[in-house]
Amino acid sequence: MKALIFNGSLEKRSESTSGRISQYFAERLEQSGFQTEIFTLADSGIPLFDTTLTKIPLAVERMTQLFLEADVHFWMAPLYHGSIPGVMKNCLDWLEITASHYHPYLTDKTVGLVCWADGLQAMQGINTMDTVAKSLRAWPIPFSVPIIRSALFDHENPTKVSALYSDKFDKLISIATTKKIKRI
């Protein structure tokens with residue numbers, strides 16, 4: 001089975017928040033036997049969505065193929081001014097090129113959602129991603145992880161995800177990959 005980690009941040013450093021979260025998910029998914037791909041928006045070369053183009057850009061073709069081949073998605077984004085980054089939404093808008101497919105957009109894909117913010121507002125980004133995923137005919141998991149950035153990493157080892165969030169990430173991964181919610 002294939003898992004796609006969609007890193008919707010523009011951070012390019014592997015030690016960035018988005019890089020660390022993406023790596024955490026990749027390691028856990030690979031331990032569960034999933035073939036995992038991290039799609040980092042900052043490195044993708046996705047242009048502005050343009051319906052007047054006569055040829056689909058190569059970066060968009062590659063992105064679309066990755067998104068359609070994955071059995072499960074994990075979308076991750078920082079909260080920027082009350083929502084996900086505009087470039088992330090722009091990237092998802094390119095899925096419009098699949099409108100004529102037998103199963104257009106992200107029909108029946110399972111999507112886990114993660115968003116982080118400096119305060120308590122990360123749920124706004126989750127709500128945006130949830131709406132977009134549903135509009136693309138995907139199934140957002142009924143458990144998401146809004147993150148308070150200051151509590152994300154362990155205070156004694158700032159390169160390690162805190163126990164609070166590693167438990168939440170693991171639960172999201174478990175639900176996404178088994179389609180079962182386990183009682184704790």
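Keep in mind that the numbers below use all heavy atoms, side chains included, and drop hydrogens, waters and symmetry copies. Given the structure is predicted, the values throughout are model-derived calculations rather than measurements.
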Considering only distance and modelled atom types, tabulate donor-acceptor pairs under 3.5 Å from the side chains of residues 79-88, sequence neighbours left out.
from : atom 1 : to   : atom 2 : distance (Å)
S83  : OG     : T128 : OG1    : 3.4

Report whether [X] and [Y] are members of the same hydrophobic cluster (ILVMFWY, side-chain heavy atoms less than 4.5 Å apart, transitive linking).
X	Y	result
I46	V132	yes
L152	I173	yes
L106	L4	yes
I38	W75	no
V111	V72	no

Show every donor-acceptor pair shorter than 3.5 Å between a side-chain atom in residues 50-59 and any protein atom, with sequence neighbours excluded, or say none if there are none.
from : atom 1 : to  : atom 2 : distance (Å)
D50  : OD1    : T52 : N      : 2.9
D50  : OD1    : T52 : OG1    : 2.5
D50  : OD2    : T52 : OG1    : 3.4

Review point. What about the rings of H73 and F6, do their centers lie closer together than 6.0 Å?
Key: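 So the answer is no for these two rings.
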
Can you find a pair of side-chain heavy atoms, one from [X] and one from [Y], that are under 4.5 Å apart?
X	Y	result
P47	W94	yes
H101	T98	yes
D170	Y24	yes
F67	L95	yes
M76	S18	no
N7	L41	no

Check your understanding: Would you find more than 12 non-hydrogen atoms of other residues, nucleotides or ligands less than 6.0 Å from Q35 atom CD?
Key ->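 It does not: Q35 CD has 12 such atoms or fewer within range.
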
Which residues pass the salt bridge (charged side-chain N to carboxylate O under 4.0 Å, His left out) test with [X], not counting sequence neighbours?
X	value
D118	none
E27	none
K2	E69

Under 3.5 Å: donor-acceptor pair, side chain of [X], backbone of [Y]:
X	Y	answer
S16	K12	no
S32	F34	no
S174	K171	no

Review point. Got a sec, which residues hit side chain to side chain contact (heavy atoms under 4.5 Å, CB included) with R20, two or more places apart in sequence or on another chain?
Key: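 Only E15, F153, T159 meet the side chain to side chain contact (heavy atoms under 4.5 Å, CB included) criterion with R20.
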
Practice item. Sequence neighbours left out, what passes ring pair (Phe, Tyr, Trp, His ring centres under 6.0 Å) with Y165? Give chain and number order. Key: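 With sequence neighbours excluded, Y165 shows a ring pair (Phe, Tyr, Trp, His ring centres under 6.0 Å) to no residue whatsoever.
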
**Study point:** Non-neighbouring partners of F74 that pass ring pair (Phe, Tyr, Trp, His ring centres under 6.0 Å), sequence neighbours left out
**Key:**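 For F74, the residues satisfying ring pair (Phe, Tyr, Trp, His ring centres under 6.0 Å) (neighbours in sequence not counted) are F25.
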
Point to revise | Pairs involving residues 71-98, ordered by first then second residue, that meet salt bridge (Lys or Arg N to Asp or Glu O under 4.0 Å) (sequence neighbours left out) | key: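 Matches after skipping sequence neighbours: K89-D93.
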
Point to revise | Pairs involving residues 34-49, ordered by first then second residue, that meet salt bridge (Lys or Arg N to Asp or Glu O under 4.0 Å) (sequence neighbours left out) | key: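 Non-adjacent pairs meeting salt bridge (Lys or Arg N to Asp or Glu O under 4.0 Å): E37-R62.
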
Nearest heavy-atom neighbours spanning [X] and [Y]:
X	Y	result
A3	L29	CB-CD1, 3.8 Å
K109	A70	NZ-O, 2.8 Å
C115	M129	CB-CE, 4.0 Å

Point to revise | Residue pairs involving residues 102-128 (criterion ring-ring contact (aromatic ring centres under 6.0 Å, His included); sequence neighbours excluded) | key: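 Of all non-adjacent pairs touching residues 102-128, none passes ring-ring contact (aromatic ring centres under 6.0 Å, His included).
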
Taking distance alone, no hydrogens or angles, what donor-acceptor pairs closer than 3.5 Å link side-chain atoms of residues 138-151 to residues at least two apart or in another chain?
from : atom 1 : to   : atom 2 : distance (Å)
W139 : NE1    : D108 : OD1    : 2.9
R149 : NE     : T17  : OG1    : 2.8
R149 : NH2    : T17  : OG1    : 2.9

Review point. Given F39 and I5, is the side chain to side chain contact (heavy atoms under 4.5 Å, CB included) satisfied, shown in steps?
Key: CA-CA 6 Å; F39 181 80; I5 299 165; over 6 Å; no

